[in-house]
Amino acid sequence: MSRIFITGSTDGLGLAAARTLMNEGHDVVLHARSRERASAISEISPTALGIVIGDLASATETRSIAEQVNAIGRMDAVIHNAGIYLERSRGETPEGHAKTLAVNVLAPYLLTTWITRPDCLVYLTSGMHRSGSSTLDDIDWKKRPWSASQAYSESKLYIATLAAAVARHWPDVLSNAVDPGWVPTKMGGAGAPDDLEMGHLTQTWLAASEDEAAKVSGGYWYHRQRREAAADVSDTGFQDALVEKLAELTGVRLFGTRG
């Protein structure tokens, strides 16, 4: 049985993944943005390995999340599930970043750096990543007029690219990106057409299955089928440029000295 940490596991796909993995006998560490949010999962939290608290929009709280996880012990897998969708405005985190970028990209980047390296990493992306721009000069939306949809699409391009970069740099870790589909969660809306169950079963399968088909790295997955991501995702030049940009924005370097 595996130890698995899941970000954003108080509702939606994260909670569904947690329930599935716990029912399979795995030790799951849950994550809630606040103690109030943690109270929403009081029915399953007593049987979890632990629950960590922190807002991914804050780098300081993200650091605390990593420290809380590391204090519990090394994870076998981490599922970077948490994300936000269409923000009405750029917003501003305590560090001055756009909230969509901070939660969807900077936080998983920082957690990847700070959490003791697991055997498996799963990053949730979206089919909307194909609409993301590979121009990196204003990824924090300080110059462009705000577009919630474009910001989300770009964040999902970046996270899929990060998953591919981790797979390339850390050959001892299985790192994959998962498109859960447009599923009827609070984020996706009640009218979303995709299968809610299949929306979370790919990430649980990649994180914990002994199936040889799941023991791969560098993939982009949709409903347990490997798909082709946008060309930028597998472009090593774009991977390196993105990781360097994230290091500049956070002051934290993931893969060591450039070059």
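Quick note: numbers below take in every heavy atom, side chains included, and nothing from hydrogens, waters or symmetry partners.
- The backbone N or O of Gly218 sits nowhere less than 3.5 Å from a side-chain atom of Ser175 that would complete a donor-acceptor pair.
- Distance check, rounded to the nearest 0.5 Å: CG of Asp232 to CD of Gln239 gives 10.0 Å.
- When all heavy atoms of Gly237 and Asp235 are compared, the closest pair comes out as N-OD1, 2.8 Å.
- Cluster annotation: Leu157 is not connected to Tyr220 through the hydrophobic network of ILVMFWY side chains, with a link wherever side-chain heavy atoms come within less than 4.5 Å.
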Can you list the steps and then say if Glu24 with Thr20 is a side-chain hydrogen bond (donor to acceptor under 3.5 Å, both in side chains)?
CA-CA 6 Å; Glu24 291 174 355; Thr20 294; over 6 Å; no
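- The distance from atom CG of Leu49 to atom CE of Met1, rounded to the nearest 0.5 Å, is 14.0 Å.
- Not one N or O on the side chain of Ser209 forms a donor-acceptor pair closer than 3.5 Å with the backbone of Leu206.
- In the displayed structure, Glu210 atom CD is contacted under 6.0 Å by at most 12 heavy atoms of other residues, nucleotides or ligands.
- Ion pair Arg33/Glu61 not flagged as a salt bridge, since none of the NZ, NE, NH1 or NH2 atoms sits closer than 4.0 Å to an Asp/Glu carboxylate oxygen.
- Expressed to the nearest 0.5 Å, how far CD1 of Ile72 lies from OG1 of Thr116 amounts to 11.5 Å.
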Derivation of the salt bridge (charged side-chain N to carboxylate O under 4.0 Å, His left out) call for Glu248 and Arg253:
CA-CA 8 Å; Glu248 291 173 6; Arg253 191 168 293 279; over 6 Å; no
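- Linking Ile, Leu, Val, Met, Phe, Trp and Tyr whenever their side-chain heavy atoms come within less than 4.5 Å puts Val122 and Val216 in one cluster.
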For Tyr158 and His129: C-alpha separation, side-chain torsions, deciding distance, then whether ring pair (Phe, Tyr, Trp, His ring centres under 6.0 Å) applies.
CA-CA 8 Å; Tyr158 304 152; His129 85 279; over 10 Å; no
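- Taken together through direct or relayed side-chain contacts under 4.5 Å among Ile, Leu, Val, Met, Phe, Trp and Tyr, Leu254 and Phe238 form part of one hydrophobic cluster.
- For the pair Arg63 and Trp114, the cation sits on the ring face: its NZ or CZ lies under 6.0 Å from the ring centre, inside 45° of the axis.
- Looking at heavy atoms from C-beta onward, Ser45 lies in side-chain contact with Leu30 at the 4.5 angstrom threshold.
- Electrostatic pairing of Arg168 and Asp240 counts as a salt bridge here, judged by a charged N lying under 4.0 Å from a carboxylate O.
- Contact of the Leu124 side chain with the Pro180 side chain is registered, since non-hydrogen atoms from C-beta on lie closer than 4.5 Å.
- We find that Lys142 and Glu92 are not joined by a salt bridge, their nearest charged nitrogen and carboxylate oxygen being 4.0 Å or further apart.
- Of the possible polar contacts, one joining the Thr113 side chain to the Tyr109 backbone as a donor-acceptor pair under 3.5 Å is found.
- At least one donor-acceptor pair closer than 3.5 Å links the side chain of Asp140 to the backbone N or O of Ala98.
- Side chain of Gln203 to backbone of Val178: no donor-acceptor contact under 3.5 angstrom is found.
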side-chain contact (heavy atoms from CB on, under 4.5 Å) evaluation trace for Leu21 with Ile6:
CA-CA 10 Å; Leu21 289 165; Ile6 308 171; 3.9 Å; yes
Stepwise side-chain contact (heavy atoms from CB on, under 4.5 Å) check, Leu201 with Arg224:
CA-CA 8 Å; Leu201 290 181; Arg224 293 196 186 180; 3.9 Å; yes
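- One finds a salt bridge joining Arg144 and Asp138 here, because a Lys/Arg side-chain nitrogen approaches an Asp/Glu carboxylate oxygen to under 4.0 Å.
- For the pair Ile159/Pro108, a side-chain contact is recorded, criterion being any heavy-atom separation below 4.5 Å from C-beta on.
- For Gly83 against Val103, the heavy-atom pair with the smallest separation is CA-CG1, 4.1 Å.
- The shortest distance between side-chain heavy atoms of Tyr123 and Asn176 does not fall below 4.5 Å.
- Under the 4.5 Å side-chain criterion, counting only non-hydrogen atoms from C-beta, Ile4 is not in contact with Val78.
- The line from CG of Leu111 to CG of Leu56 is 6.0 Å long, rounded to the nearest 0.5 Å.
- Pro171 and His169 make their closest contact through CD-O, 3.2 Å (heavy atoms, listed as atom of the first residue, atom of the second, distance).
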Stepwise, does the side-chain hydrogen bond (donor to acceptor under 3.5 Å, both in side chains) test hold for Thr125 with Asp179?
CA-CA 5 Å; Thr125 181; Asp179 171 9; over 6 Å; no
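- Across all non-hydrogen atoms, the minimal contact from Thr10 to Leu15 is O-CD2, 3.6 Å.
- Heavy-atom minimum distance, Ala77 versus Ala207: CB-O, 3.6 Å.
- At distances below 3.5 Å, at least one donor-acceptor pair connects side-chain atoms of Ser153 with backbone N or O atoms of Met128.
- Linking Ile, Leu, Val, Met, Phe, Trp and Tyr whenever their side-chain heavy atoms come within less than 4.5 Å puts Ile115 and Val105 in one cluster.
- Pairing each heavy atom of Ile51 with each of Gln68, the nearest pair is O-OE1, 4.4 Å.
- When atom types are taken as modelled, the side chain of Glu154 and the backbone of Ile139 share no donor-acceptor pair closer than 3.5 angstrom.
- When atom types are taken as modelled, the side chain of Ser9 and the backbone of His31 share a donor-acceptor pair closer than 3.5 angstrom.
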Report the C-alpha separation of Asp137 and Lys245 in whole Å, then their side-chain angles, then the decisive distance to 0.1 Å, and conclude whether the salt bridge (charged side-chain N to carboxylate O under 4.0 Å, His left out) test is met.
CA-CA 9 Å; Asp137 60 345; Lys245 177 64 72 172; over 6 Å; no
Would Ser89 and Lys99 count as a side-chain contact (heavy atoms from CB on, under 4.5 Å) if you check the C-alpha gap in whole Å, the side-chain angles of each, and the deciding distance to 0.1 Å?
CA-CA 9 Å; Ser89 64; Lys99 189 175 180 182; over 6 Å; no
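- Separating the CE atom in Met75 from the CZ atom in Phe5 is a distance of 8.5 Å, to the nearest 0.5 Å.
- Contact check on Arg117 versus Asp172 returns a salt bridge, with a Lys/Arg side-chain nitrogen under 4.0 Å from an Asp/Glu carboxylate oxygen.
- Between Asp119 and Arg74 there is a salt bridge, with a side-chain nitrogen of the basic residue lying less than 4.0 Å from a carboxylate oxygen of the acidic one.
- For the pair Asn81 (side chain) and Thr7 (backbone), a donor-acceptor distance under 3.5 Å is present.
- At least one side-chain heavy atom of His97 sits under 4.5 Å from a side-chain heavy atom of Leu249.
- With hydrogens and angles ignored, the 3.5 Å screen pairs a side-chain donor or acceptor of Gln150 with a backbone N or O of Ser131.
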Kindly determine whether Ser217 and Leu174 satisfy side-chain contact (heavy atoms from CB on, under 4.5 Å), including the steps that lead there.
CA-CA 5 Å; Ser217 193; Leu174 302 178; 4.0 Å; yes
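- Follow the hydrophobic side-chain contacts under 4.5 Å out from Leu110 and you reach Phe255 in the same cluster.
- Within the model, atoms CD1 of Ile53 and OG of Ser34 stand 7.0 Å from one another, a figure rounded to the nearest 0.5 Å.
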